[in-house]
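What follows is a single structure, written as structure tokens, with notes after it.
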Amino acid sequence: MLRLAVTTLRYRTAAFLAIFVAVLLGGALLSAAGGLLETGLRLNAPPQRLAAAPIVVTGDPAYHPPNGSGAAPFPERPRLDPTLTKKLANTPGVAQAVPDRSFPAVTSLTPSTSCGELAGHGWSSAALTPYKLTSGRAPRTGEIVLDERLAGSAKPGEHLTVTVGGESRTYTLAGIARAQHRVDVPGVFFADSDVPAGIDAIGLFPANGTSPRDLAKRLDLPTGVKAYTGDDRGVAEFQGIATSLPLIIMSGVFGGMVAVVMALVVSATIGLSVRQRRRELALLRASGATPRQVAKMVIAETMLVGLLGLVLGLLGGRIAGTWIFGLLADGGVVPPQLRFDQGPLPFAGAALLTFAVLRVTVGFAAGRAARIRPIQALAEAAVPNVALSRIRIVIGLVFAGATVAIALSTPFMGPANAAAIGGPAGLTGSIAVAILAPLVIQRTLVPRITRLVEKRGTSGVLAVINLRVRAVQFAAILVPITIATAIAVGNIYSQTTQQKAAVDAFTGNLSADVVVTSTSGGIPPELAAAARSVPGVTTVSELVRSKGWIEEPYDKSHTSDAWPLLGLSGPVYTGKVKKGSLDDLTGDSIALPPGTAKKLKVDVGSQIGVRLGDNALVKVKVVALVEGPSGYESLLLPAQLLAAHTTTGLPSQLLLKTNGTKLDLPAWPGTTAGGRELLGEGLDTGLGVDAWIGYLLAAIAVAYTAIASVNTIAVAVLDRRREFGLQRLTGSTRREVSRMLTLEGLLIAGLGLAAGLITAAFTVLPIAMATRGWPIPSGSVWVLAGWIAVVLLLVLPTTAITGRIAMRSKPMDALNSPVG
């Protein structure tokens with residue numbers, strides 16, 4: 001049977017090629033997902049600017065809830081007690097302790113430098129890289145040393161403008177330095193006396209003969225401070241490398257989705273391939289082959305092709321993983337300095353899972369083909385049986401019921417949980433359509449639709465008949481189109497809807513006619529004071545954004561997920577004040593949502609403890625209870641208090657209310673002024689990882705199912721050579737047969753799009769209800785129009801090309817063809 005299985009591969013090239021491609025892509029994507037999981041577990045980020053220090057001491061970059069589980073990265077850089085440097089320097093085994101403070105610094109030579117890059121440092125910390133002077137000398141007060149990549153043609157002794165702390169000052173270029181190895185962000189080094197107060201990290205150099213790892217273990221460090229060695233030192237240098245949770249979630253969702261899509265596509269392709277061979281399998285049975293022998297032959301030939309595709313897929317898994325990780329790094333989901341780790345375990349896991357999916361699906365298809373009686377198989381080869389088994393119908397209805405149940409429960413969830421609860425509806429709906437696909441095709445071919453097609457003449461009549469009679473074969477084409485549509489449209493519109501709702505909720509509670517945004521690290525106090533004196537400005541408020549947690553009393557509603565924190569210094573918040581007054585929001589104070597205050601059993605006048613974004617626990621007095629949009633409430637603090645606990649130490653925006661007159665704002669270096677649209681600029685809605693999961697799944701689903709659609713269409717059309725030959729012998733021309741195929745393609749594409757959009761609606765509409773209050777999603781209509789165009793461009797050209805190939809031979813030769 002093995003020799004016979006190998007022989008059949010020559011005559012079923014298209015079918016086996018479709019299986020080969022589906023398994024190849026599945027193996028590659030699953031191993032890529034495994035690589036993302038391993039990367040999230042390891043979190044290796046080799047240090048750059050701190051590479052010379054064998055030990056780096058810094059604050060714990062992750063928040064660990066006192067009464068909860070999990071962890072979340074702090075949004076700001078934790079600060080260390082300055083006295084810790086001297087304490088560590090006196091520790092036995094420590095030869096030198098070098099403090100480091102990083103802060104935004106933008107020079108006039110590099111106006112494009114992002115204000116988010118902490119390029120400013122004290123000159124003493126240059127030894128942590130190390131940097132070596134190539135010209136000039138070390139800086140003194142009022143002087144700087146530049147990385148040679150920033151210096152350009154500048155020479156020591158020249159005067160340069162540097163913006164630090166939102167203020168532009170003139171410094172003398174004392175020297176130019178070169179990093180001794182790769183450093184992504186070029187440094188601007190100041191005299192230690194010119195560095196802002198505070199310490200971010202301390203680099204330790206062990207004494208001769210002292211092991212860095214042993215020394216790190218015996219350091220006496222305060223609570224919330226950690227010592228890192230090896231590649232773990234990158235945690236102290238790069239923000240965002242604090243917890244593996246986002247990558248673990250992403251890799252899990254991504255891998256699970258790929259496995260389900262692969263199972264559906266592979267099973268549909270294998271089922272189509274086996275169904276097309278009913279005649280030859282029946283002849284084998286009639287000539288003496290046992291059901292077991294037939295099943296073994298089908299399994300052997302499919303597994304042979306599948307294993308070859310799996311091997312090549314695993315070889316391409318590294319390329320796929322690196323590419324996907326690069327997309328995530330470019331999108332800001334993961335720090336670009338994080339190293340992509342993909343050892344043998346991701347490949348082993350991908351191989352086992354892909355093999356299991358392949359073996360199970362081919363086992364079901366082969367078992368059905370082997371059990372059927374020869375006479376029945378010959379009859380179904382001529383007129384395929386469209387009836388579904390009772391078990392299959394029940395399973396399909398269970399998934400359909402689950403889809404409806406998920407959709408009905410999602411609108412009652414809060415915005416934070418809506419996507420997690422409503423997202424699976426698209427997947428369960430796709431599975432339901434895949435299981436009931438032949439029934440879906442038959443039930444949707446109602447007279448109102450078929451009459452429109454039949455008006456196209458004989459070709460239209462034949463197209464309708466073929467869809468009804470060959471519903472099982474066409475189901476293999478319907479399934480990937482439905483899956484791709486449900487995943488692509490569902491994920492994209494879910495994300496755009498959630499993003500729009502989050503931005504609207506934030507900006508809707510802030511009243512401002514003019515918004516001033518800094519491009520150099522923050523809004524200095526002098527700018528806010530100058531804006532207040534501008535004619536026509538009635539209200540000025542600094543705006544600070546961060547995240548934090550309520551710990552005293554402990555707020556169990558926000559454990560690993562943080563509260564949005566808003567720092568304000570003027571009356572620009574429009575939420576309804578239920579008790580107290582926002583005029584008292586000064587000093588160490590806070591305004592809470594009424595529901596949170598009731599749950600925590602606090603009121604106006606109570607004192608609570610809030611863990612801010614830099615890991616500082618501050619005691620604040622509740623001065624007001626203020627309502628916000630349901631599900632999008634924020635904690636309000638004075639701008640000055642919150643800014644002191646951010647990485648830059650400054651507000652990010654300035655909000656101005658005017659009397660409607662044209663303003664003559666003072667020109668301030670490193671700032672831009674605009675309308676309310678700037679309020680949402682740089683807003684962290686907390687959906688970054690979720691959005692990338694959605695978009696990544698949509699892109700992969702489109703690519704995977706697009707190829708699967710092309711494969712299944714090609715296999716289905718090429719298998720109809722005899723049918724086309726017979727049609728041409730009875731008087732049909734090639735053009736008429738091609739027109740029939742085009743109408744079939746349009747119908748199946750339309751049905752697939754309709755089924756996919758209905759399935760996507762069970763995800764998108766409930767999420768819109770939960771986040772926006774009405775079932776109208778946000779997002780461009782061109783996304784939908786573009787996707788419809790993509791499906792038509794996949795189906796129609798493929799049908800036309802394969803139909804032309806199938807009719808290349810003469811009609812009599814087609815009737816005598818060994819396949820089709």
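Residues: numbered from 1 along the sequence shown.
Judged as a salt bridge (Lys or Arg N to Asp or Glu O under 4.0 Å), the pairs with a partner in residues 154-172 (not counting sequence neighbours) are, in order, Glu167-Arg169. Applying the salt bridge (Lys or Arg N to Asp or Glu O under 4.0 Å) test to pairs two or more places apart or on separate chains, those with a residue in residues 126-145 are Arg137-Glu143. Sequence neighbours left out, the pairs with a member in residues 32-41 that pass salt bridge (Lys or Arg N to Asp or Glu O under 4.0 Å) are Glu38-Arg42. Listed by first then second residue, pairs satisfying salt bridge (Lys or Arg N to Asp or Glu O under 4.0 Å) with a partner in residues 197-207 read Arg79-Asp200, not counting sequence neighbours.
What you find for Ala51 and Arg233 is that their closest heavy atoms are O-NH1, 2.9 Å. Closest approach of Ala97 and Leu204 over heavy atoms only: CB-CD2, 3.5 Å. Of all heavy-atom pairs between Val514 and Ala673, the closest is CG1-CB, 4.4 Å. Val183 and Ala179 make their closest contact through CG2-CB, 3.8 Å (heavy atoms, listed as atom of the first residue, atom of the second, distance).
Between the side chain of Thr134 and the backbone N or O of Ile176 there is at least one donor-acceptor pair closer than 3.5 Å. A donor-acceptor contact shorter than 3.5 Å is absent between the side chain of Glu526 and the backbone of Pro524. Remark: side-chain polar atoms of Asp194 are paired, donor with acceptor, to backbone N or O of Gly142 under 3.5 angstrom. For His181 (side chain) and Thr129 (main-chain N/O), a donor-acceptor pair under 3.5 Å exists by modelled atom type. Within the 3.5 Å criterion, the main-chain N or O of Ala197 finds a donor-acceptor partner in the side chain of Arg101. Between the Ser541 side chain and the Ser569 main chain, a donor and an acceptor come within less than 3.5 Å of each other. Checked by atom type and distance alone, the side chain of Arg318 never pairs as donor or acceptor with a backbone atom of Ser31 at under 3.5 Å. In terms of modelled atom types and a separation under 3.5 Å, the side chain of Thr647 and the main chain of Arg77 share a donor-acceptor contact. Side chain of Arg218 to main chain of Pro92: a donor-acceptor pair is present (N/O by atom type, distance under 3.5 Å, no hydrogens or angles).
A 4.5 Å side-chain heavy-atom check between Val610 and Trp563 finds every atom pair outside the cut-off. Val98 places none of its side-chain heavy atoms less than 4.5 Å from the side chain of Ile202. In this structure, Leu543 and Leu566 have side chains that are in contact, with non-hydrogen atoms separated by less than 4.5 Å. Counting heavy atoms from C-beta outward, Thr170 and Leu160 have side chains that stay 4.5 Å or more apart. Leu655 places a side-chain heavy atom less than 4.5 Å from the side chain of Leu679. Two residues are said to be in side-chain contact when any heavy atoms from C-beta on lie closer than 4.5 Å; Leu650 and Ile523 fail this criterion.
With sequence neighbours left out, Tyr171 forms a ring-ring contact (aromatic ring centres under 6.0 Å, His included) with Phe190. Applying the ring-ring contact (aromatic ring centres under 6.0 Å, His included) criterion to Trp549, with sequence neighbours excluded, gives Tyr63, Phe74.
Within 6.0 Å of the CD1 atom in Ile319, the count of heavy atoms belonging to other residues, nucleotides or ligands does not exceed 12. Environment of CZ in Arg178: sparse, with no more than 12 heavy atoms of neighbouring residues, nucleotides or ligands closer than 6.0 Å.
A donor-acceptor contact closer than 3.5 angstrom is absent between the side chains of Thr161 and Ser168.
Between Lys500 and Asp504 there is a salt bridge, with a side-chain nitrogen of the basic residue lying less than 4.0 Å from a carboxylate oxygen of the acidic one.
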